[in-house]
Amino acid sequence: MSTVGNSTNIFWHECAVGKIERQKLLHQKGCVVWITGLSGAGKSTLACSVGRELHSRGKLAYVLDGDNLRHGLNKDLGFKAEDRAENIRRVGEVAKLFADAGLICIASLISPYRRDRDACRSLLPDNNFIEVFMNTSLEVCEERDAKGLYKLARAGKIKGFTGIDDPYEPPLNCEIVIHQQKGEHCPTPSAMAGQVVSYLEDKGFLHEN
Ligand SMILES: Nc1ncnc2c1ncn2[C@@H]1O[C@H](COP(=O)(O)OS(=O)(=O)O)[C@@H](OP(=O)(O)O)[C@H]1O
Ligand SMILES: Nc1ncnc2c1ncn2[C@@H]1O[C@H](COP(=O)(O)OP(=O)(O)O)[C@@H](O)[C@H]1O
């Protein structure tokens, strides 16, 4: 019997079928691919491209996209620091469940604060959290401005916009970095996905043992 947060007198119930059995069924290993970067960095594009590539290889993946989750699970949250932290915490917990279900869970959120990303990492067994930093410069993101949000932020019509008047803390030690800088060759979405899928292949996530 234990107390966790505000939950008192609670018990953990173990089921007969566990992660190992589910992984055998799926011929893969559950893990979390966590994509972080500025708005417009290419996170959703990469997430969908990785998802499609894995699907074509017969692997079960699921994308948790920040923007999409804010339409449901996280619709009560805004963009102040505490709300972003709670957003990341919830998605980290959901991603952990997906990984435990045996899926390759691809989470794609700005997740601007290092502490929140590290807390998600600590929820997973060693090596099962693969952090991908979309190192796309602010200049490139702003030039793309696919949703017109940078223009609004520069005009002061959106307050606390990441990269403009709200911080983004780049990872110090992540598994994969994808560079997209102005004036440099920019990898295609499928080349970027290839980099991630090769990593998963090399580390054995695309096989059950
Ligand atoms: N203030 C502010 N700062 C940053 N982004 C903003 C903001 N307001 C709205 N948006 C839109 O919300 C999307 C980011 O949601 P996330 O859940 O990924 O953000 S966070 O991880 O909680 O910081 C982000 O989507 P992406 O462009 O896909 O990153 C924006 O479309
Ligand atoms: N590798 C790439 N090369 C060129 N354009 C890209 C690439 N990846 C994404 N984009 C474009 O950049 C814009 C933002 O991409 P998106 O995936 O929505 O970013 P995010 O999810 O980080 O906000 C979109 O218009 C998308 O088509």
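For ligands, and for the atoms within them, numbers begin at 1 and follow the listed sequence.
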Should Asp166 be listed as contacting ligand 1, given a heavy-atom distance under 4.0 Å as the test?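 No; Asp166 lies far enough from ligand 1 that no heavy-atom distance drops under 4.0 Å.
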Could you find the nearest protein heavy atom to [atom] and give me its residue, atom name and distance?
atom	value
atom 2 (C) of ligand 1	Phe161 CD1, 3.3 Å
atom 5 (N) of ligand 1	Ile110 CD1, 3.5 Å
atom 29 (O) of ligand 1	Lys43 NZ, 2.8 Å
atom 26 (P) of ligand 1	Lys147 NZ, 3.1 Å
atom 21 (O) of ligand 1	Ser111 N, 2.8 Å
atom 3 (N) of ligand 1	Arg84 NH2, 3.2 Å
atom 27 (O) of ligand 1	Ser39 OG, 2.6 Å
atom 1 (N) of ligand 1	Gly160 O, 2.9 Å

Single-linkage hydrophobic cluster Ile88~Leu69, side-chain heavy atoms < 4.5 angstrom: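 Ile88 clusters together with Leu69.
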For residues Ile178 and Gln195, determine if any side-chain heavy atom of one lies less than 4.5 Å from a side-chain heavy atom of the other.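 Yes, close enough: below the 4.5 Å cut-off.
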Taking 4.0 Å as the limit for heavy-atom contacts, which would you say applies to [X] with ligand 1: side chain only, backbone only, both, or neither?
X	value
Leu149	side chain
Asp65	neither
Asn87	side chain
Phe79	side chain

Output side-chain donor-acceptor pairs under 3.5 Å for residues 42-49, partner residues at least two apart or in another chain, one line each.
residue, atom, partner, partner atom, Å
Lys43, NZ, Gly37, O, 3.3
Lys43, NZ, Leu38, O, 2.9
Ser44, OG, Asp65, OD2, 2.7
Ser49, OG, Pro189, O, 3.4

Using the test ring pair (Phe, Tyr, Trp, His ring centres under 6.0 Å), find all partners of Phe98 that sit at least two apart in sequence or belong to another chain.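 Checked Phe98 against ring pair (Phe, Tyr, Trp, His ring centres under 6.0 Å); matches are Tyr62.
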Using a 4.0 Å cut-off to any heavy atom of [X], which atoms of ligand 1 qualify?
X	value
Leu109	17 (O), 18 (O), 21 (O)
Gly40	27 (O)
Asp67	12 (O), 13 (C), 25 (O), 28 (O), 31 (O)
Thr162	3 (N), 4 (C)
Ile88	21 (O)

If the plane angle is over 60° it's perpendicular, under 30° parallel, otherwise tilted; pick one for Phe161 and Tyr150.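 The rings of Phe161 and Tyr150 stand perpendicular, inter-plane angle above 60°.
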Taking the basic N atoms (NZ, or NE/NH1/NH2) and the acidic carboxylate oxygens, is any pair closer than 4.0 Å for [X] and [Y]?
X	Y	result
Lys24	Glu21	no
Glu142	Lys182	no
Asp145	Arg154	no

If you count every heavy atom of other residues, nucleotides or ligands that lies below 6.0 Å from [X] atom [atom1], does the total exceed 12?
X	atom1	value
Leu97	CG	yes
His207	NE2	yes
Asn173	CG	no
Lys19	NZ	yes

Taking both backbone and side-chain atoms of Arg70, is any N or O found less than 3.5 Å from an N or O belonging to ligand 1?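 Among all N and O atoms of Arg70, at least one is under 3.5 Å from an N or O of ligand 1.
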Any nitrogen or oxygen of Pro112, main chain or side chain, under 3.5 Å from a nitrogen or oxygen of ligand 1?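 No, since none of the N or O atoms of Pro112 sits under 3.5 Å from an N or O of ligand 1.
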Only counting residues at least two apart or in another chain, list the ones meeting salt bridge (Lys or Arg N to Asp or Glu O under 4.0 Å) with Asp76.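 For Asp76 the salt bridge (Lys or Arg N to Asp or Glu O under 4.0 Å) partners, ignoring immediate neighbours, are Arg90.
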Would you check ligand 2 and list the protein residues that come within less than 4.0 Å of it by any heavy atom, ordered by chain and number?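 Residues near ligand 2: Leu38, Ser39, Gly40, Ala41, Gly42, Lys43, Ser44, Thr45, Arg144, Ala146, Gln180, Cys186, Pro187, Thr188, Pro189, Met192.
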Within 45° cone and under 6.0 Å: Arg70 NZ/CZ vs Phe79 ring: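 Yes, Arg70 lies over the aromatic ring of Phe79.
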Do we see a donor-acceptor contact under 3.5 Å between the side chains of Arg144 and Thr136?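 Arg144 vs Thr136: no donor-acceptor pair found between side chains.
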Without hydrogens or angle criteria, can the side chains of Gln28 and Arg57 be said to hold a donor-acceptor pair below 3.5 Å?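 No, no side-chain donor-acceptor contact under 3.5 Å.
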